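Just so you know, ligand 1 is whichever comes first in the structure, and atom 1 is the first atom listed for that ligand. Every value quoted in this text rests on a predicted model; they were computed, and no experiment measured them.
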Amino acid sequence: MPAETRLFRCLSDNFGVLLHDPATGATASIDAPEAAPVEAALKETGWTLTDILVTHHHHDHTGGIAALKQKYGCRVVAPAGEAAKIPSVDETVREGDTVKVGKLSAGVIETPGHTLGHIAYWFHADKIVFAGDTLFSIGCGRVIEGTPAQMWTSLKKLRDLPDDTAIYCGHEYTLANIKFALTVEPDNSVLSAREAEARRQIETGRPTIPTTIGDEKLANPFLRADRADVAAGIGMAGKPAVEVFTEIRARKNKF
Ligand SMILES: [Zn+2]
């Protein structure tokens, strides 16, 4: 049976998301920014929390773990590289490990850059990736602990997933990301269309995610740093992709 998801807002601009296996009743919270919105989503759906899958150690992704663990006794799965900074961890995982939520199955993809131990969970049969703060809709996370080269490599790993993979990310940053992306590729018509769509979604109180790998490849400047036209557009024709990526990321930091 295919996975079901429930997306909701947490804190000021975080997304919370539940993943549910209808066959077994297992339900995972992907990260836990704060407990109350996760509990509200569980109440609305009638699902029972069995697992928390953590992408990275930042407090706005882990602040709700301890309270949820205490209430539901759920299993907490976290990246091996950051487990010491995450509360109540039961299991640690690395690149290539498999994580089960009931009968649903995810591969672990290490995506260092935003933090050094950051991971994504790819539910391949369900065509869903939970990308945390690595890949956003039309953006990517700040490179806080790693290097731009690490982040570029991590983003390419996600870009290699099938085009019809749905991407759930940690924050609602889409409109601001599009504004910036248009400074890199002002003539990208896909980007203008995404802007109109995102405006409609936000005006009607809807989230702008999930997006898909295929859609991001057409419009996300951080996945397009190895394109000759993108390099030329920012005055870096012929430069290596990692340098182009580094420059785009630096410009975004100042935007
Ligand atoms: Zn973060």
[X] bridged to [Y] by N-O distance under 4.0 Å:
X: Arg159; Y: Asp226; answer: yes
X: Glu39; Y: Lys43; answer: no
X: Glu34; Y: Arg9; answer: no

Q | Centroid-centroid under 6.0 Å between His171 and Phe15 rings | A | no
Q) Does the side chain of Ser154 pick up a donor-acceptor pair with the side chain of Thr111 at under 3.5 Å? A) no
Q | Cut-off under 2.8 Å, centre the Zn ion (ligand 1), protein N/O/S atoms | A |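 You should have found His56 NE2, His58 ND1, His114 NE2, Asp133 OD2.
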Q. Are the side chain of Lys69 and the backbone of Cys74 linked by a donor-acceptor contact shorter than 3.5 Å?
A.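 Yes, because the side chain of Lys69 sits within donor-acceptor range (under 3.5 Å) of the backbone of Cys74.
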